[in-house]
Amino acid sequence: MATLRNAGMFPLSVCGQDEIEHLSRESSHYSLSTGILPSLGARSNRRVKLRRFIISPYDRRYRVWETFLVLLVIYTAWVSPFEFGFLRKPERHLAIADNVVNGFFAVDIILTFFVAYLDKTTYLIVDSPKRIAWKYGSSWLALDIISSIPSELVQKISSKRLQSYGFFNMLRLWRLRRVSALFSRLEKDRNYNYFWVRCAKLICVTLFAVHCAACFYYLIAASYRNPANTWIGAALGQDFLEQGVWNRYVTSIYWSITTLTTVGYGDLHPVNLREMIFDIFYMFFNLGLTAYLIGNMTNLVVHGTSRTRRFRDTIQAASSFAQRNRLPLRLQDQMLAHLCLKFRTDSEGLQQQGTLDSLPKAIRSSISHYLFYSLVDRVYLFCGISNDLLFQLVSEMKAEYFPPKEDVILQNEAPTDFYILVTGAVDLLVLKNGVEQVVGEAKSGDLCGEIGVLCYRPQLFTVRTRRLCQLLRMNRTTFFNIVQSNLGDGTIIMNNLLQHLKDLNDPIMQGVLLETENMLTRGRMDLPLNLFFATLRGDDLLLHQLLKRGLDPNEADNNGRTALHIAASKGSENCVLLLLDYGAEPNCKDSDGLVPLWEAMVGGHEKVVKLLIDNGADINAGDVGRFACTAAEQNNLDLLKEIVRYGGNVTRPRSNGSTALHLAVCEDNIEMVKFLLKKGADIDKPDVNGWTPRGLAEQQGHEDIKTLFQSSSEIEVQSVMVVPEKQEPCYLGRFTSEPNILPASQDATDGSLSQPRPRRRNNNFHNSLFGIMSAAHNVKKDLLLPVHQASSSKTCNVDPARVIISCPQKGEVTGKLVLLPQRFEDLLDIGAKKLGVSPVKVLSKYGPEIDDIEVIRDGDHLIFVSEAGIQDTNSQNPQNIGVS
């Protein structure tokens, strides 16, 4: 019910359950024969269910009942004129059948009092019993009752002048209105052929007219005082009343048909004055009926031949145009072939684009996606782009047919469109010294004209069809408008084009590649270029051109990766330096918490690492726990030491709670375990599944590590309560549905964090109006903060916490009140400056060790322990030290 209400197809205010089911079936068959359209705006108060015992006129069971009554009406339409003209008293079998039919219509009279009706003023279904009864009683009730009374009863109670048996039966022809309503409904139902429904209606009208005229004409002859002086008496003899009914009926039908078709009166003709008068009016009636029949049949026939006539007129006009302007024979053939193909697609129902253009955009997109998505996805130019961009491109492509030997693209014409070949084959031709030479061939799934469009240069080839072809056309302006909103996809598309040109062992293509690369070096902006494209190619000259033109050095894809991430991972020192000089953020973080410094460390680019460090890069700006776990997974102790070297805390967990020590235990790397224990790793720290490093060592049977843990426990300063670590926040991407842009040389199997992630993710938040307003609000807020807090304003919008720090080993018991910094390393630096010690551990005044800034709250008392004081604190309770 909610679905129908949202769709706005039917006014549910007056729909009962049966009606809703019926409307659902109708909508599923896309039939408008019985559908109710809602009022504009649909402001009226509407009920959901009909009243009890009220039947919907669109109920399926009521429709079956109405169809059954139509069959009874057809019987009535034949028997009523027959009884009126040929019978003088009731016949046993006909009388029984008549009374049974009358009984069904009597039931329908009672049933009508319980059937809701559609108010033509408000366009609502009325289900009030009083209003239903009033409407029926003031309209058709009297005629329905009269037409259902048995003829025998009427004959007995009526006067002698009205006691003719069949006279009263003619009132039953009132029921014919049901047949007219049935044909009106069938003409709108797409399940029935309109031509045959109209023909059936015309045949029924003709047969009914012929039947009634035959019965009336026979009645005139049968009631005449001198039977010999009648039309039928002259044909069958004056004793025709004694002959069989079937013989008299066939003779009457014969006269009626010959008169209707104006070929009669050779053997049957009027004799007396009554018959002549009847024939005069019958002939006038035939004039109208014949005109009605001929007009309808002509419309039906002309409708089927009008397209052929228009086609012939178009062909004649095109031929006259070509001859008048003396066009070459080849162009004339192309014109006529194209027009013939267009007529063929129209007449055979193959005009796909015409059908698509008549539909709403959502349906067009769904159809195009179903028909062409798999084909476009295999095109080399779109290999690796996001699903969103591919869907948008497919929705904007136009399907067209081209006959054999027709030019699709001309050499040196303006690059306005490119084509994807769906079916057929085309030749690529070049005009040299006035002679056309075939230089290539394109088949299904190949592109035509993409070089001219992407490089904005005249088309290189003439594209001519070999046989009947279907192509998808993409407009250049539409293509660039879509690509410009997808930075990473534009880069991938240009890389795919250049790589394709490199792979083609063709002198012409090599020349195009060289010219295109020279154009890239000069920074031509006719191409869809961005910083990602230049950085990925390692082209510092192009990058410099783009940066000088004002491109944002911090622009990111939907995963938060910037050009600096790419340059650092590739080890391109010049590109990194250019980006930093133009204001690139050295600590920018992507959605996985990766920073450019980590990318350079993984790649082993020492010079780039030093360059980033000199410009303020900090490993702690990223997800250090993830970095440490990655190094442990790779058994790379040197990388783990490098993290520590640049100030990273390798004991921090990643998002799932596991630490580098967990992974080192799993890898059975005892040297790494020793290193991590030396750096303060907790052997009893659980992950999200409850596993601790000690438990993993026991479960996996690593005896050396178990021994190492045992000895480590004996020299611990104290048992440290396990403080659950706060999970790392999940970072969102900053732009829309674009794939990750990774270096072309990156190997997906090297195990680094830079390996390709799923290429088709989408996140449209930051391109929405809300995202733009939020970004503007954050910028304004950053401007109000001091300079030293500007970098932290993105993550902290409240006043910093205040804590008390003390060091009992130095005699500082009461402590000093300081502001809590954003990083744990800064807290250690503050302790060193304020207390004059080199702290290696920070403890809460209640005992547990603190190794993450996130677990410290406003007003906490922190105790700093130096390396020299560890032995002293081993014999004392920190809770008693520093607490006055």
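For the side chain to side chain donor-acceptor pair (under 3.5 Å) condition, the pairs that include at least one residue of residues 196-209, sequence neighbours left out, are E187-R198, R198-N296. Applying the side chain to side chain donor-acceptor pair (under 3.5 Å) test to every pair with at least one member in residues 101-110, sequence neighbours left out, gives these pairs: W65-D108, N102-R175, D108-R178.
The shortest heavy-atom contact between P57 and Y62 is O-CD2, 3.7 Å. Nearest heavy atom pair, residue P81 against residue L173, reads CD-CD2, 4.3 Å. The minimum heavy-atom distance between S80 and R172, with the atom names listed, is OG-CB, 3.9 Å. When all heavy atoms of A399 and Q470 are compared, the closest pair comes out as CB-NE2, 3.9 Å.
Rounding to the nearest 0.5 Å places CG of L287 at 6.5 Å from OG1 of T290. For the atom pair CG of L219 and CG of L87, the computed distance is 11.0 Å after rounding to the nearest 0.5 Å. From R466, atom CZ reaches atom NZ of K405 across 8.0 Å, with rounding to the nearest 0.5 Å. Atom CG of L472 is separated from atom CZ of F372 by 5.0 Å, given to the nearest 0.5 angstrom. Here L471 contributes atom CG and F402 contributes atom CZ; the two are 6.0 Å apart, rounded to the nearest 0.5 Å. In this structure, CH2 in W140 is found 14.5 Å from CD1 in I145, a value given to the nearest 0.5 Å.
Enclosure of atom CZ in F278 by more than 12 non-hydrogen atoms of other residues, nucleotides or ligands within 6.0 angstrom is indicated. Atom OH of Y224 is surrounded by more than 12 heavy atoms from other residues, nucleotides or ligands within 6.0 Å.
No donor-acceptor pair closer than 3.5 Å links the side chain of S368 to the backbone N or O of S395. Counting only distance, with no hydrogens or angles, the side chain of T423 and the backbone of C469 share no donor-acceptor pair below 3.5 Å. One N or O on the side chain of T230 and one on the backbone of P227 form a donor-acceptor pair closer than 3.5 Å. Remark: side-chain polar atoms of N272 are paired, donor with acceptor, to backbone N or O of R274 under 3.5 angstrom. At distances below 3.5 Å, at least one donor-acceptor pair connects side-chain atoms of H211 with backbone N or O atoms of W78. Side chain of E275 to backbone of W231: a donor-acceptor contact under 3.5 angstrom is found. Between the side chain of S147 and the backbone N or O of D144, at least one donor-acceptor pair lies under 3.5 Å. Judged by distance alone, the side chain of S252 and the main-chain N or O of C215 form no donor-acceptor pair under 3.5 Å. Between the D127 side chain and the L50 main chain, no donor and acceptor come within less than 3.5 Å of each other.
Residues L375 and S444 have side chains in contact (heavy-atom distance under 4.5 Å, counting atoms from C-beta outward). Residues L289 and L260 form a side-chain contact, since some pair of their non-hydrogen atoms from C-beta on lies under 4.5 Å apart. A 4.5 Å side-chain heavy-atom check between T259 and D279 finds every atom pair outside the cut-off. The closest side-chain heavy-atom distance from V73 to L182 is not below 4.5 Å. The shortest distance between side-chain heavy atoms of Y282 and S256 falls below 4.5 Å. Between T465 and P403, the closest side-chain pair of non-hydrogen atoms is not below 4.5 Å.
Side chains of T251 and Y218: no donor on one and acceptor on the other come within 3.5 Å.
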Decide side-chain contact (heavy atoms from CB on, under 4.5 Å) for F105 and I109; before the verdict, give the C-alpha distance in whole Å, the side-chain angles of both, and the deciding distance to 0.1 Å. CA-CA 6 Å; F105 281 101; I109 292 174; 5.7 Å; no
Which is it for Q316 and S320 under the side-chain contact (heavy atoms from CB on, under 4.5 Å) test, yes or no, and what are the steps along the way? CA-CA 6 Å; Q316 182 62 37; S320 300; 3.6 Å; yes
One pair to check against side-chain contact (heavy atoms from CB on, under 4.5 Å): I132 and F114. What are the steps and the verdict? CA-CA 7 Å; I132 295 173; F114 299 93; over 6 Å; no
Under the criterion side-chain contact (heavy atoms from CB on, under 4.5 Å), I'd like the reasoning laid out for V126 against K135: C-alpha separation, chi angles, the key distance, then a yes or no. CA-CA 10 Å; V126 178; K135 180 179 183 300; over 6 Å; no
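Checked against the 6.0 Å centroid threshold, F104 and F68 count as a close aromatic pair. Between Y249 and F86, the distance from one ring center to the other falls under 6.0 angstrom.
Judged as a side chain to side chain donor-acceptor pair (under 3.5 Å), and not counting sequence neighbours, the contacts of N247 are Q243. For Y136, the ring-ring contact (aromatic ring centres under 6.0 Å, His included) test picks out F113, with sequence neighbours left out. Taking Y75 as the reference, D98 meet the side chain to side chain donor-acceptor pair (under 3.5 Å) condition, with sequence neighbours excluded. In terms of the side chain to side chain donor-acceptor pair (under 3.5 Å) criterion, Y292 has no residue partners (sequence neighbours excluded).
Between W255 and Y217, the angle of the ring planes stays under 30°, which puts this pair in the parallel group of the 30/60° scheme.
The pair E396-K361 meets the salt-bridge criterion, with a side-chain N (NZ, NE, NH1 or NH2) lying under 4.0 Å from an Asp/Glu carboxylate O.
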